[in-house]
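Here is how names work: the chains are called A, B, and so on, in the same order as the sequence lines, proteins then strands, and each is numbered from 1. The basis for the numbers below is simple: all heavy atoms, side chains too, and nothing from hydrogens, waters or symmetry mates.
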Amino acid sequence: MGQILSDLGGELFVLFVSIAQALPALVGYIAIILLAMTVWRFIRRQMTPKADYTSLKTVTFGDESAVVSDKAASFISIALIFVIWGAFTGSNWLPGMFHAPGPFVGDSSFVYTVEDANGYQDEATVFVSVFEKGAEVPSQEVAAGTGFAKDDFLAVQAYRSKLILWDKNDETNRSEGAKIVSVDGRAISKDNAVDVGFGRVALTDKGTLNFEPGKGWQMENIWLPAPDSVASRLVSVWAEGYQNVTLAEHLSFSLFRVIVGFFLGALVGIPLGYAMGLSDWFRGWFDPIVEFMRPVPPLALIPLVIIWAGIGEQGKIILLFLAALWIMAIGARSGVSGVKISKVHAAYSLGASKVQILRHVIIPNSLPEIFTAARVAMGVCWGTVVAAELVAAEKGVGKMIVAASKFQDTDIVLMGIILIGIIGFGIDVLMRLAEKWLVPWKGKG
Amino acid sequence: MSGLEIDNISMRFELPNGGAVQALKDVSLDLKKGELLSVLGPSGCGKTTLLNIVAGFLAPTGGEIRLNGGTVSGPSADRGMVFQQGALFEWMSVRDNVGFGPSMKGMPAAEKREKVDHLLDVVGLQDFKEKAVYELSGGMQQRVSLARCLCNEPDVILMDEPLGALDALTREKMQGLVLKLWKETGKTIILITHSVEEALLLGERLLVMAPRPGRIHREYRLPFAELGVGADLREVKKHPDYAKTREEILTMIWDMEEEIMGRSEESA
Ligand SMILES: Nc1ncnc2c1ncn2[C@@H]1O[C@H](COP(=O)(O)OP(=O)(O)O)[C@@H](O)[C@H]1O
Ligand SMILES: [Mg+2]
């Protein structure tokens with residue numbers, strides 16, 4: 001127990017350190033938000049002022065109705081994400097002057113000093129050529145130069161590092177006791193690397209040199225691809241597919257699972273909720289089951305569902321069915337329980353039968369709650385399907401992004417995540433539209 | 001016999017903590033067809049309970065209700081109910097709300113339409129027929145409630161503080177409407193109210209109830225409802241007996257309230 005606590009304490013400490021390191025970025029971001037606000041407010045004041053009800057209010061701080069989402073802020077916020085993203089990935093979408101300093105690419109050189117076993121020293125130059133990933137590897141003949149240390153040539157890919165076997169061509173070598181004492185005139189040792197301006201030279205345990213070209217501030221493509229490469233990946237994957245499966249196929253499989261799973265969940269969940277709302281026996285029967293199943297996240301059921309139904313469509317549809325089932329049942333139940341008793345009494349006094357009351361009072365009265373539940377269920381189903389596909393699937397957006405991550409195709413991973421977000425948002429927007437259209441009386445009781 | 005008989009009704013609620021509330025004790029009353037009865041009394045004296053028993057939503061623990069000779073055992077279309085608020089179906093238009101009863105009986109569409117149109121004219125909502133009910137003001141919603149109840153042609157109309165949530169001006173207009181409808185349709189009406197003035201104006205007979213146990217304390221027969229039909233209600237209030245009766249009833253209710261306060265202070 002004490003061990004666990006101290007482990008957790010250690011984790012917490014590491015976490016705090018990371019947060020503390022991220023703090024300046026956070027402060028900078030907030031500063032940008034406030035700066036943009038000040039600038040935008042100033043610009044707007046120069047334009048014709050609005051005179052609608054809200055803008056004439058003098059008390060807005062604390063008046064919830066006066067706080068409406070500022071479209072300009074949303075626009076700037078999204079634009080800023082792309083600018084930051086582009087700047088730190090050297091995107092073509094962004095003029096070069098906005099780019100953060102990129103990795104060093106090109107030719108340069110540094111000088112090392114060798115001391116042989118007898119204490120004699122000599123210098124030699126290492127000509128370095130840093131090339132971009134995918135470019136042709138440069139090669140160059142270098143003249144040996146004078147003295148017992150001979151000049152070397154090194155070709156290294158940006159973001160990578162390379163060992164320099166400096167004594168390969170020298171007249172003395174490490175086995176004879178020669179060693180490097182300084183680089184560019186600055187002393188070097190195992191724990192004291194030298195910054196040569198365009199990169200870093202370190203001394204390894206074996207006495208060789210390790211050169212690492214400067215990385216600049218930009219992210220390497222496999223960490224974070226530029227927005228334009230994500231976009232072009234979208235175009236190419238849409239046209240040609242990825243690993244022999246088209247994007248449309250991946251998306252349709254995911255959506256198919258969500259829609260079928262949700263539909264089945266609603267088909268069973270809504271009548272179940274009605275039964276629970278209308279009969280004390282059914283409520284007593286299902287309450288413990290529903291109350292127990294509701295807090296179990298559908299993701300936790302994935303292993304069991306795989307054991308029972310394998311990784312085929314059935315398993316995933318069962319999972320989504322279960323994800324939707326409890327939410328829909330609870331929504332329908334509270335929709336039924338939420339009917340005002342005076343409405344039911346009124347209907348009875350107007351001569352309605354039980355079936356008529358169900359049809360004309362209870363069902364329409366529960367529809368707003370059912371729609372709310374359906375929105376939640378759709379969101380949960382969409383999240384669950386992606387997660388289930390991450391674990392086991394042959395097709396689907398989730399599958400696409402795990403497959404891409406195995407091949408370090410980060411641009412596809414990012415594209416997939418963005419698509420997942422957009423589709424999830426799209427589903428919610430559609431549900432809200434449907435709600436507005438089908439239950440206009442929502443909240444008007 | 002034609003009319004409503006409330007025969008020796010008692011109602012005792014068992015409470016979860018083992019105690020019991022005697023909400024009504026031996027309440028008896030006969031209403032002839034077409035009579036207008038208003039019921040008044042301090043809060044908690046069992047008015048709503050009595051109305052719910054007459055409507056058939058509650059089974060009394062003693063006594064019985066008979067309508068036109070038959071014993072009442074549950075809600076039915078022969079006793080219509082007008083609630084204070086929120087009993088309209090907001091998923092239906094004004095027209096469909098009013099036509100709800102006939103629809104349930106399967107009345108032919110044309111006949112129903114004519115009937116609904118007529119009633120909406122009577123309550124003054126001819127321009128709002130296709131509107132959604134939540135688009136209407138509180139007073140208009142209560143007009144819809146009245147029309148919905150009348151459209152079903154019940155023998156008895158039960159109203160539990162139907163005008164309680166309305167502002168004073170709207171309320172006065174609605175009181176006139178209730179009187180007009182009572183006279184035109186000849187329905188038996190029981191109207192519960194908190195307002196002494198309303199009880200005086202809208203009751204040929206006025207029942208003052210007393211609490212603990214809920215019982216009939218006093219009954220009045222009043223001329224004001226008859227006088228008020230089609231007349232200016234403010235004129236009716238100038239009637240010499242009006243102010244006198246009002247003061248008498250107010251004193252009665254104040255005394256009851258004070259007794260309640262005193263008793264709950266004792267028990268506290
Ligand atoms: N369902 C119930 N369970 C227990 N007591 C109730 C219930 N309904 C009403 N009562 C009690 O019966 C009494 C009469 O209530 P009610 O008829 O609502 O009074 P009123 O309408 O005159 O204000 C009150 O004391 C109330 O607490
Ligand atoms: Mg009441």
Side-chain angles (χ1 to χ4, degrees), chain A residues 266 270 273-274 277-280 283-284 331-375 431-445, chain B residues 48 51-58 72-93 96-107 131-136 141 144-162 165:
Chain A
I270 295 175
Y274 279 146
L278 293 169
S279 145
D280 46 4
R283 175 170 299 195
R333 182 186 71 182
S334 67
V336 172
S337 317
V339 62
K340 261 198 194 159
I341 185 60
S342 56
K343 291 195 211 302
V344 175
H345 278 172
Y348 271 117
S349 299
L350 290 165
S353 66
K354 278 187 183 162
V355 174
Q356 286 174 324
I357 286 188
L358 182 66
R359 162 74 187 78
H360 296 287
V361 181
I362 291 175
I363 290 180
N365 188 81
S366 66
L367 283 182
E369 291 250 23
I370 287 180
F371 258 95
T372 309
R375 264 179 69 192
M431 298 290 284
R432 260 185 291 187
L433 284 179
E435 184 175 59
K436 230 183 192 166
W437 182 56
L438 291 171
V439 285
W441 65 86
K442 182 176 184 181
K444 306 273 174 59
Chain B
T48 298
L51 210 69
N52 280 336
I53 291 172
V54 175
F57 304 141
L58 283 174
V72 162
S73 61
S76 141
D78 53 20
R79 278 150 292 131
M81 190 96 179
V82 178
F83 294 88
Q84 185 173 38
Q85 231 183 7
L88 291 174
F89 308 128
E90 61 267 18
W91 45 90
M92 294 178 187
S93 65
D96 290 344
N97 263 282
V98 174
F100 186 84
S103 293
M104 297 300 104
K105 276 183 283 195
M107 181 185 282
K131 284 252 192 290
V133 286
Y134 52 79
E135 295 173 283
L136 304 186
Q141 289 187 1
V144 178
S145 286
L146 275 174
R148 180 175 74 175
C149 185
L150 289 169
C151 194
N152 208 35
E153 296 188 9
D155 295 332
V156 181
I157 299 179
L158 308 171
M159 307 195 202
D160 191 355
E161 301 186 28

Which atom names give the shortest non-hydrogen contact between Arg148(B) and Ala346(A), and what distance separates them?
NH2-CB, 3.3 Å
Please flag which part of Val361(A) lies under 4.5 Å from any non-hydrogen atom of chain B: side chain, backbone, both or neither.
both
Region of Leu158(B) in contact with chain A, defined by heavy-atom distances below 4.5 Å
neither
List the atom of Met104(B), the atom of Gly351(A), and the distance in Å for their closest heavy-atom pair.
CB-O, 4.3 Å
If you count heavy-atom pairs under 4.5 Å with chain A, which of Pro154(B), Cys151(B), Pro75(B) comes out on top?
Pro75(B)
Heavy atoms only: give me the nearest Leu350(A)-Cys149(B) pair and the separation to one decimal.
CD2-CA, 4.4 Å
Who wins among Asn152(B), Val82(B), Asn52(B) for the most heavy-atom pairs under 4.5 Å with chain A?
Asn152(B)
Please state whether the side chain, the backbone, both or neither of Gln85(B) comes within less than 4.5 Å of a heavy atom of chain A.
backbone
Please indicate whether Arg359(A) has more than 12 foreign heavy atoms, meaning atoms of other residues, nucleotides or ligands, lying under 6.0 Å from its CZ.
no
Under 30°, 30 to 60°, or over 60°: which ring-plane class applies to His360(A) and Phe100(B), parallel, tilted or perpendicular?
perpendicular
At a 4.5 Å cut-off on heavy atoms, which part of Pro368(A) comes close to chain B: side chain, backbone, both, or neither?
neither
Shortest non-hydrogen pair, Phe89(B) vs Lys343(A), comes out as CE2-O, 3.6 Å
Would you say Lys105(B) has more than 12 foreign heavy atoms packed within less than 6.0 Å of its NZ?
yes
Restricting to non-hydrogen atoms, name the atom on Pro440(A) and the atom on Tyr134(B) that form the minimum distance, rounded to 0.1 Å.
O-OH, 3.4 Å
Are Glu90(B) and Asn365(A) close enough, and set up right, to give a side-chain contact (heavy atoms from CB on, under 4.5 Å), and what steps lead you there?
CA-CA 8 Å; Glu90(B) 61 267 18; Asn365(A) 188 81; 4.2 Å; yes
